[in-house]
Amino acid sequence: MEFITPTDQSSFDDLVRNINDGIAETGEKLTECNEAYDAKKGDISLWDQFLDWFKNTMNEVRKRLNDAIEKYNEFVATIADYMRPGNPFAMYAKHDKWITVKQKITGSKTTIDGSYLRADSTWKGDPGDGYGDLADRQRTAMDTVANYTDSMMDFLTEYAKKILDAWIDFGERMITYMLDQVDAASEFISADPLKWLDIVPKIVNVCTNLAGLAVDMTAQLARNFTASKSTADSLKQGMADRYGFPNGAWPAAVIY
């Protein structure tokens, strides 16, 4: 397991894949701890008959292992619905496309001007006067549309950044915990049973941390969703503005 700071969709997928692999490996290590307990406890079953303290110790180890497994299962259950984090880099790509849209809009706006549209000064009578007024309204409408593109770009980049930040933070913390868990579980598996009671709290502690991390992660994603929904609602409200749009629609050029 390693932490990879995502810079594109491929490396983001690698991060999520490593997280999934780490979750699976943690579960496997807990299973190996249980198997080691069952095997070694059976090898020294005669001790149980003579040493009550040892029997009590083994019972405590079993309880702690069960606690660790319970916390690990809480972690898996909490995070299960969030392990398909989507494609934040697709949002960045859409952002770039909206830049192109804005360039075309603002570039076209400069041509709707008397210095470009000679009809403003050479057409006479109602048709010329009507088109001259229409050009100004079209420029105003294009200003409104250009503002839409800014709002859309802001929304896409902010939401994509929130997704990435959440997963980067989650990945950094979780992979650290899982490395600790693998070390503790490996130590447990290879240790003399008399040392198990000293080692098993490390396993319980890491699993407890993982369960807490899952809660933190889901809470952060929920906050991101709420904030992004608010931004999306503001975007819809902003795009309801039809300033410069005669009769609420794009002004069309009409020749009489």
Side-chain angles (χ1 to χ4, degrees), residues 1-6 10-48 51 53-86 163-222:
M1 292 182 292
E2 60 176 325
F3 177 76
I4 299 173
T5 300
S10 177
S11 56
F12 181 70
D13 291 342
D14 287 340
L15 171 62
V16 177
R17 189 178 304 109
N18 281 341
I19 288 172
N20 276 296
D21 290 346
I23 292 172
E25 185 174 3
T26 298
E28 291 168 3
K29 284 296 182 182
L30 286 172
T31 298
E32 290 177 18
C33 287
N34 257 334
E35 292 172 348
Y37 175 91
D38 291 335
K40 293 185 179 180
K41 186 176 185 297
D43 290 342
I44 53 176
S45 58
L46 289 176
W47 284 77
D48 292 352
L51 299 175
W53 67 266
F54 185 77
K55 183 176 180 179
N56 292 336
T57 295
M58 291 301 100
N59 289 339
E60 182 65 19
V61 169
R62 167 59 75 192
K63 179 180 180 299
R64 296 293 185 89
L65 282 176
N66 288 340
D67 289 344
I69 292 171
E70 181 180 346
K71 289 298 181 182
Y72 172 76
N73 288 338
E74 285 181 18
F75 163 73
V76 172
T78 303
I79 205 66
D81 292 337
Y82 298 90
M83 292 310 295
R84 297 181 183 87
I163 293 173
L164 282 175
D165 287 347
W167 279 90
I168 288 172
D169 178 64
F170 178 69
E172 286 178 332
R173 294 170 61 190
M174 196 206 69
I175 289 176
T176 298
Y177 288 149
M178 288 186 169
L179 289 173
D180 291 341
Q181 180 69 309
V182 169
D183 289 344
S186 298
E187 182 183 1
F188 181 93
I189 292 166
S190 60
D192 185 300
L194 293 174
K195 296 181 180 179
W196 278 348
L197 196 57
D198 295 329
I199 301 170
V200 74
K202 301 176 186 177
I203 299 174
V204 177
N205 185 58
V206 173
C207 288
T208 301
N209 287 339
L210 283 174
L213 176 59
V215 172
D216 291 345
M217 172 65 167
T218 55
Q220 183 176 357
L221 291 175

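Only this structure's heavy atoms are used, side chains among them; waters, hydrogens and symmetry mates stay out.
- Taking Lys202 as the reference, Glu187 meet the side chain to side chain donor-acceptor pair (under 3.5 Å) condition, with sequence neighbours excluded.
- Under the rule for a side chain to side chain donor-acceptor pair (under 3.5 Å), the partners of Asp13 that lie at least two apart in sequence or sit in another chain are Gln9.
- By the salt bridge (charged side-chain N to carboxylate O under 4.0 Å, His left out) test, Asp165 is found to be paired with Lys161, residues two or more places apart in sequence or in another chain being considered.
- Not counting sequence neighbours, Thr31 has no partner by the side chain to side chain donor-acceptor pair (under 3.5 Å) test.
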Candidate pair Asp169 and Met217, rule side chain to side chain contact (heavy atoms under 4.5 Å, CB included), full reasoning:
CA-CA 9 Å; Asp169 178 64; Met217 172 65 167; over 6 Å; no
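- Across all non-hydrogen atoms, the minimal contact from Ser11 to Pro6 is OG-CA, 3.2 Å.
- Residues meeting the ring pair (Phe, Tyr, Trp, His ring centres under 6.0 Å) test with Phe188, sequence neighbours left out: Trp196.
- Checked against salt bridge (charged side-chain N to carboxylate O under 4.0 Å, His left out), Lys63 has the following partners two or more places apart in sequence or in another chain: Asp67.
- Ile163 is linked by a side-chain contact (heavy atoms from CB on, under 4.5 Å) to Phe12, Pro88, Met91, Tyr159, Trp167, counting only residues two or more places apart in sequence or in another chain.
- With sequence neighbours excluded, no residue forms a salt bridge (charged side-chain N to carboxylate O under 4.0 Å, His left out) with Glu70.
- The shortest heavy-atom contact between Val61 and Val200 is O-CG2, 4.2 Å.
- Rounded to the nearest 0.5 angstrom, Leu213 CG and Glu172 CD are separated by 11.5 Å.
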All N/O donor-acceptor pairs, side-chain side in residues 73-85, below 3.5 Å, sequence neighbours left out:
{"unit_1": "Asn73", "atom_1": "ND2", "unit_2": "Ile69", "atom_2": "O", "d": "3.3"}
{"unit_1": "Thr78", "atom_1": "OG1", "unit_2": "Glu74", "atom_2": "O", "d": "2.7"}

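- With rounding to the nearest 0.5 Å, the separation of OG1 in Thr26 from CG in Asp180 is 10.0 Å.
- Here the CD-CE distance, from Gln181 to Met174, works out to 11.5 Å after rounding to the nearest 0.5 Å.
- Taking CD1 from Ile203 and SG from Cys33, the interatomic distance works out to 4.0 Å, rounded to the nearest 0.5 Å.
- Among all heavy-atom pairs drawn from Leu15 and Gly171, the shortest one is CD1-CA, 4.3 Å.
- Evaluation of the ring pair (Phe, Tyr, Trp, His ring centres under 6.0 Å) rule for Tyr72 yields no partner, not counting sequence neighbours.
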Show your working on side chain to side chain contact (heavy atoms under 4.5 Å, CB included) between Val206 and Met178 and close with a plain yes or no.
CA-CA 8 Å; Val206 173; Met178 288 186 169; over 6 Å; no
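- Evaluation of the side chain to side chain donor-acceptor pair (under 3.5 Å) rule for Glu60 yields Arg64 as partners, not counting sequence neighbours.
- Summarising the geometry, atom NZ belonging to Lys195 is positioned 15.0 Å from atom OG1 belonging to Thr57; distances are rounded to the nearest 0.5 Å.
- Pairs of residues two or more places apart, or lying in two chains, that qualify as side chain to side chain donor-acceptor pair (under 3.5 Å) and include a residue from residues 205-220 are Arg173-Asp216.
- Counting all heavy atoms, side chain and backbone alike, Ala185 lies closest to Lys29 at CB-CB, 3.6 Å.
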